[in-house]
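Everything on this sheet refers to the single structure shown next.
Chain letters run A, B, ... following the sequence lines, proteins first and then strands; every chain starts at 1. Since this is a predicted model, take the numbers as computed values, not measurements.
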Number of protein chains: 2
Amino acid sequence: MLNSYSAEDKVLVSVDCIIFGFDNEGLKILLIKRDFEPEKGKWSLMGGFLKKEESLNDAATRVLNHYTGLHNIYMEQFYAYSEIDRDPVERTVSVAYFALINIENHNTELTKDHGAEWFSISNMPKLIFDHDEMVSHGIRRLRYRTSTKPVGFELLPEKFTMRQLLELYEAILDKELDKRNFISKINSLDILIKLNEKDMLSSRKGSYLYMFDKEKYDAKTRNNFVLNL
Amino acid sequence: MLNSYSAEDKVLVSVDCIIFGFDNEGLKILLIKRDFEPEKGKWSLMGGFLKKEESLNDAATRVLNHYTGLHNIYMEQFYAYSEIDRDPVERTVSVAYFALINIENHNTELTKDHGAEWFSISNMPKLIFDHDEMVSHGIRRLRYRTSTKPVGFELLPEKFTMRQLLELYEAILDKELDKRNFISKINSLDILIKLNEKDMLSSRKGSYLYMFDKEKYDAKTRNNFVLNL
DNA sequence: ATACGAAGTGTTTCTCCAACACTAATTAAT
DNA sequence: ATTAATTAGTGTTGGAGAAACACTTCGTAT
C-alpha cells in the first residue's frame, strides 16, 4: 500500500473570504490593507494559507475568526481560482468563500488593528490579484442565494424591522422592491415572528420588530424553498 | 520583494471529473476502475493531479481529453473537497468538475483501454473516497444549470428529435414533462433550427430532426435567459 | 385496405406575479 | 389642543405565464 503520491507536484492553497455586512447605508464588504509584500498597503480580501491539518472550511473559519473575532459565521465556498500567475510570488490556488455577518456585532477593535475597513459594494477600491473577480462572482452567488435561503437571518441584528429587511434585499439585488409585495412574500414563507415591541427610532409611529423563527426556518430550508423577489 | 511564502504548507491538488452522457436509456456517468493503489479495482471518477504549470481548468481539460479523446468539452467547476482524510494515502484537495459529452462521439477504444464504463445515474456502484458526494452535488448543479443554459447542446448528437430533447430533460430533472408544454417552451427560446429531414428509426411517421442554432444560442446566453420546465 | 404506432398540434383554466394608493398612528411644533 | 409631519401598515385587480388536457395526422407494415 502506498503512503505517498511522491511524483506529484504540491502547491500552496489559500482561502480568500468576502465578508458581507449590511447597515443603513447598504451592502458592504470588509477589506484589509495588506501588511506584507507583495502589494503591501493595497486593499485585499481576508485570506490565509491552508494548513496541512485543516480542511478548507476550517481554514476559512479560522481566517474569519482571526479578522472579526466571530464564531459560527455563515459562509459558503464558491469557486477555486488557479491561474498560474494569479499571485506573483508563488503558485497559489485560492478557494474563495463568502461570509455574512452582522455588521454591528463583530470586534471592531480587532478589525481596526488589522487596518480593515468597510466599503460599500458600489464604491470599492481596486483590489489585489484576482480579488475583484472574486468579489463580482461572490456577489452573484449571494444574489442567487437569496432565492434559496433567508440570508437576512445572518446579516441583520436579532431584532429588525420590515423596512430593514426590505432594504437589505434591495441592496443585495440592487433593485427596488414593492413594499407590499415584499411583505406578503416574506410572510408567506412563515419564518418570521412579529414581536410586541416597536422600534421608535425610525419614525414617530414606530415600527414593529421581527425575529427569525429558527425552527420554522430550518424546517423550510430542508424542503428547498424558492423565493422570487 | 519576496519570491516565496516559504513557511507555508503545500499540498497535493487534484481534479475529479463527472462525465455526463445521454443515450436512449437515460442520463449516464462514465466511471473507471482505478488502476493503482489504494482502492485499486474500485470504481472512481476520472481524476488527475494538478501540475505546477497548469490551471485547474487546464488540468480538467487534460484529464477529460486523456480519458475520452475529446477536445472542447463543456465543463464547469463546482466545488473543492478538502477533508483531511478524504484520500487515505496523502492529503489531497480535490476540485470537482462536471463535463457534458455526446455519448456516441468519444473514443470508445480509449475508454475501453482505461477500463471505463458508462453507468446509469440511477444504478451506480459505490465509488471511492468522497466521489459519491461529488456525484450527487454534480447532478444537483447540472439540474440547476438547465434553467440557465441549454445543456442539451452538449449532450445530444448534432441532429436530434424533439422526443430526444424531451427525454434528456426528463432524465436530468428526474421528472415527467408535458410534451406540448415542453415544446412550446423550447420553441419560445428560439434557439432551434427545424431541419427538412426526418428520423425514421423511432416511428413509422418519422419525426423531424432539429439542430441548435449556435448564433442565436450565444446571443441568448449572453442575456442570461431563464428556462423553467 | 386497414390496423398500428408515434408524431404533431391549441385551447382553457388557473395560479401567481406585478402594479398600484390610501389610511393609521404617533409625535413635534405651534 | 390643534395641526402638521413622517413613516408604518394594509388589499385588490389585471395580466401573463404555467399547467392541464385529447385528438388528428402520417407513414409503414401486414
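- In this structure, the NZ atom of Lys179(B) is 6 Å from the C1' atom of dA7(C), given to the nearest Å.
- Between the side chain of Lys185(A) and the backbone N or O of Asn228(A), at least one donor-acceptor pair lies under 3.5 Å.
- Arg140(B) meets the salt bridge (Lys or Arg N to Asp or Glu O under 4.0 Å) test with no other residue; sequence neighbours excluded.
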Can you give each donor-acceptor pair under 3.5 Å made by side-chain atoms of residues 108-118 of chain B, sequence neighbours left out, with the distance rounded to 0.1 Å?
unit_1	atom_1	unit_2	atom_2	d
Thr111(B)	OG1	Thr108(B)	O	3.0
His114(B)	ND1	Leu110(B)	O	3.0
Trp118(B)	NE1	His106(B)	NE2	3.2

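- When rounded to the nearest whole Å, the span between CE of Met162(B) and P of dG8(C) equals 9 Å.
- One atom, CZ of Phe182(B), and another, P of dG10(C), lie 18 Å apart when rounded to the nearest Å.
- Between the side chain of Asn65(A) and the main chain of Leu70(A), a donor-acceptor pair closer than 3.5 Å is present.
- The existence of a salt bridge linking Arg62(B) and Asp58(B) is excluded, since no basic side-chain nitrogen approaches an acidic carboxylate oxygen closer than 4.0 Å.
- Where Ser203(A) and Arg180(A) each meet DNA chain D at their nearest nucleotide, the meeting point lying more 5' is that of Ser203(A).
- For the residue pair Tyr97(A) / Asn57(A), a side-chain donor-acceptor distance below 3.5 Å is found, with atom types taken as modelled.
- Between the CE atom of Met200(A) and the C1' atom of dT27(C) there is a distance of 8 Å, given to the nearest Å.
- Nearest-nucleotide positions on DNA chain C place Arg163(B) closer to the 5' end than the other of Leu229(A) and Arg163(B).
- Atom OH of Tyr208(A) is separated from atom C1' of dA24(C) by 11 Å (rounded to the nearest Å).
- Under 3.5 Å, the side chains of Thr161(A) and Asp199(A) contain no donor-acceptor pair of N or O atoms.
- Note on Thr161(B): nothing from the nucleic acid sits closer than 4.0 angstrom, heavy atoms only.
- As a whole-Å value, the separation of Leu177(A) CG from dA19(C) C1' is 14 Å.
- Picking from dA19(C), dT27(C), dA6(C) the nucleotide with the shortest atom distance to the side chain of Asn181(A) gives dA19(C).
- Protein chain A touches strand DNA chain D; the 5'-most and 3'-most nucleotides with an atom under 4.0 angstrom of its non-hydrogen atoms are dA5(D) to dG11(D).
- The interatomic distance linking Asp178(A) (CG) with dA21(C) (P) rounds to 11 Å, in whole Å.
- Where Lys205(A) and Lys198(B) each meet DNA chain D at their nearest nucleotide, the meeting point lying more 5' is that of Lys205(A).
- Residue Arg204(A) contributes atom CZ, which lies 21 Å from atom P of dT23(C) at whole-angstrom precision.
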